[in-house]
Amino acid sequence: MKVTLLGFMKKEFAQLLRDKRMRIILFIMPVIQLMLFGFALSNEVKNIRLAAVFPLSDRISHEVLSKAFGSGWFKPARTTSTRDPSEWIRADQADVVLVAPPEGITQALQRGNARIQLLIDAKNVVRAQQIEGYLTAILQTTALDFIPVAAAPQGGVVFETRVLYNPELITSYFMVPGVMSMILCVITVIMTSMAIAREREVGTFEMLIAAPISIREILLGKTVPYIALGMLDAPVIILFATAVFGVPLRGSLLLLLLLTFVFVCTTVAVGTLISTISKTQQQAMLGGFIFLLPAVLFSGLMFPIENMPIYMRVFGYCNPLYYYNSAVRNIMLKGGDPSAVLVNVLILAAFAAGLIWISAKRFRLTLG
Amino acid sequence: MVSEPNAVIAVDIRKLTVKFGEFTAVDQVSLSVRKGEIFGFLGANGAGKTTTIRVLCGLLVPTSGHVRVAGYAPEDGLEKIKTRVGYMSQRFTLYDDLTVAENLKFSGSLRGIVGRKLEQRIEELLEFVGFSRATGAFVKDLPGGIKQQVSLAASILHDPEIVFLDEPTSGVTPGARERFWKLIRELAGKGKTVFVTTHYMDEAEHCERIALMKDGKIIALDSPGGLKASTFRTPLLEILPSRKMAEGSWLPQLRAHPAVESIEPYGMRYHLVISDPARLGEVKAQIPPSFEISQTAPSLEDVFIRLVEAGFIK
Ligand SMILES: Nc1ncnc2c1ncn2[C@@H]1O[C@H](COP(=O)(O)OP(=O)(O)O)[C@@H](O)[C@H]1O
Ligand SMILES: [Mg+2]
């Protein structure tokens, strides 16, 4: 069995790494995808339509507005006469509305307790986050100019930000780890399923099964090389995420690699299962994408699963990507409580075992 | 079919039937192949040759019937058969994007042959098949004939008793075909049983016995000489029409003659079968004097045309 596995490793690696297209898919594509997703999400924001609701006598509000418009980031929103500020956002007349307390920011601050409301359209996550950042900064410096003591960090200004449509406030920090799962998944699922389908399509599969090898040997032989390739890719992606996008790695790298290993086993198992139901490479590719689209959609990458209706949430909970994404974010962004991460590792391992079991049941050492 | 002792039988097939859904690809086929024999399997595309071979190699489960290969039935464990037979399929048997050496080493690893033993075996086989190029050459860069030689080497790496070759010479040059058949004869000389399919009639002459297959059924099974003798009991005339009369009324006239059993085109010539040898002179008189006429021995192609295309079944 060791001999056969080693033979497969040499053969698959030779076939993949020799092929220029494959080398690009393996090592260049992940980097390009990370760049596309990462940078597309971190473009500087301009022309933010700002509206404000405040008493005419409020000097701080006037000052904030003039600073905001003077900064070049904001422009006045043209709002209709409706009295409900959130209606302006819903009608797409404004990107952000500043709602001062009824007596005005100035007076409220002098009392020591100012609740300033920001309503932000967060259909575009990163934009929303930047809007919040700019406005709070302007508010803080302006307040400090007028009433130094009250606006100090421990002072009484409370910004109450209500982020509409995207309460989770997903940032590019949040996105990049998610994109990692997507890239690993695309590569391993498509490559594994295509590799087996190719043997069937070209006819070499017949020679494989003409040898006295077991289902276990052939499954190991066609999966282990791809798990290894996925693990070769993972450090490239992690390095790029941290070095280029500055995503922190607050938790243990070892734990992250262990998690990634189990995840790659799962996705390779998905690829294997797809290959047992495809006769040609084209079918395998199609099968791969039929899996990938919903898997990415319900992975929590862009839309949090927790906010979906229950019947949709099911797709998340049956989805290896969901468990990987949340654990990667946990490790990279929060420092990763090992016991919480291990729960996800175990769930992923269960997925992998189940999928391999089904694949082995479905796998045939005969034609026809 | 005469049953022979197991010790001399390499392949035994009894009433083998393979269906794909409603379609019957192999229909009640029975035959046996002796050890050390070169057994030819002939038939047009779709006759069921490959399907039969796949069953014999343990790659396909038959619908009904029994097979015994190298002394074992599939029920005894497919690996028993698989370790004793070599199989060269009619499709790609080598990886195009690997080198000759890599292909052979991978084949070795599938059979548990490694290290020094594998290297020796590869060297020995490449010499046997007459491969004289660099083993670092990619398979995709080799000409068809050489590819087939390497395929043969890969399929006999584990020194099998029986070798199944499915159309090993299709799509290669006549010279390469000739060389390949020399290898087949050498294999048989070493005591291997060779079960080979082809649709080149001239190649079938190399076989000790041939089975003719049509629509899943065996329609004839004998030695080439036996087949010719039993199919052509009466004289066969070869006629070369003179150029200006190539198309003429002589053809339908001859065909209508009561002593002419059949007349079929054969390249530029025609092969005419007499039904009554006593009336040979009478038929010859009907043929325009400018034509070349000679009495000839039937080729296997004549046999094939007669049996398959002319629908002549005893
Ligand atoms: N897996 C299959 N499914 C359905 N039909 C098949 C299959 N394999 C072969 N056939 C059909 O069985 C017949 C015999 O095929 P085959 O054994 O390949 O013939 P040959 O090798 O003599 O050309 C053909 O008509 C072919 O289309
Ligand atoms: Mg065939």
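Heavy atoms only: backbone and side chains are in, while hydrogens, waters and symmetry mates are out. Every chain is numbered from 1 and lettered A, B, ... according to where its sequence line falls, protein lines coming before strand lines.
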Taking atom [atom1] of [X] as the centre, report whether more than 12 heavy atoms of other residues, nucleotides or ligands fall under 6.0 Å from it.
X: A/M285; atom1: CE; answer: no
X: A/Q282; atom1: CD; answer: no
X: B/R185; atom1: CZ; answer: yes
X: B/Q28; atom1: CD; answer: yes
X: B/K105; atom1: NZ; answer: no
X: A/F261; atom1: CZ; answer: no
X: B/Y200; atom1: OH; answer: yes
X: B/K15; atom1: NZ; answer: no

What pair of heavy atoms forms the shortest contact from [X] to [Y], and how long is it?
X: A/P212; Y: B/R111; value: CD-NH1, 3.3 Å
X: A/T366; Y: B/L60; value: CG2-N, 4.3 Å
X: B/S109; Y: A/G7; value: OG-CA, 3.4 Å
X: B/L110; Y: A/F8; value: CD2-CE1, 3.9 Å

Quiz prompt | Proximal component of B/L94, with respect to chain A [non-hydrogen, under 4.5 Å] | solution = backbone
Side chain from CB out, backbone as N, CA, C, O: work out which of these in [X] comes under 4.5 Å of a heavy atom of chain B, or both, or neither.
X: A/E217; result: neither
X: A/E201; result: backbone
X: A/L208; result: both
X: A/F205; result: neither
X: A/K10; result: neither

Any chance you could measure [X], atom [atom1], to [Y], atom [atom2], to the nearest 0.5 Å?
X: B/T93; Y: A/M207; atom1: OG1; atom2: CE; result: 5.5 Å
X: A/Q15; Y: B/D96; atom1: CD; atom2: CG; result: 10.0 Å
X: A/E206; Y: B/D166; atom1: CD; atom2: CG; result: 8.0 Å
X: B/E79; Y: A/I213; atom1: CD; atom2: CD1; result: 12.5 Å
X: B/F138; Y: A/R18; atom1: CZ; atom2: CZ; result: 4.0 Å
X: A/L6; Y: B/F106; atom1: CG; atom2: CZ; result: 11.5 Å

Quiz prompt | Interface residue of largest heavy-atom contact number with chain A, from B/I81, B/V61, B/L98, B/V18, under 4.5 Å | solution = B/L98
Exercise. Name the option with the most non-hydrogen atom pairs under 4.5 Å to chain B; the candidates are A/A211, A/A14, A/G203.
Key: A/A211
Quiz item: Within the side chain of B/K82, is there an N or O that forms a donor-acceptor pair under 3.5 Å with the backbone of A/I209?
Solution: yes
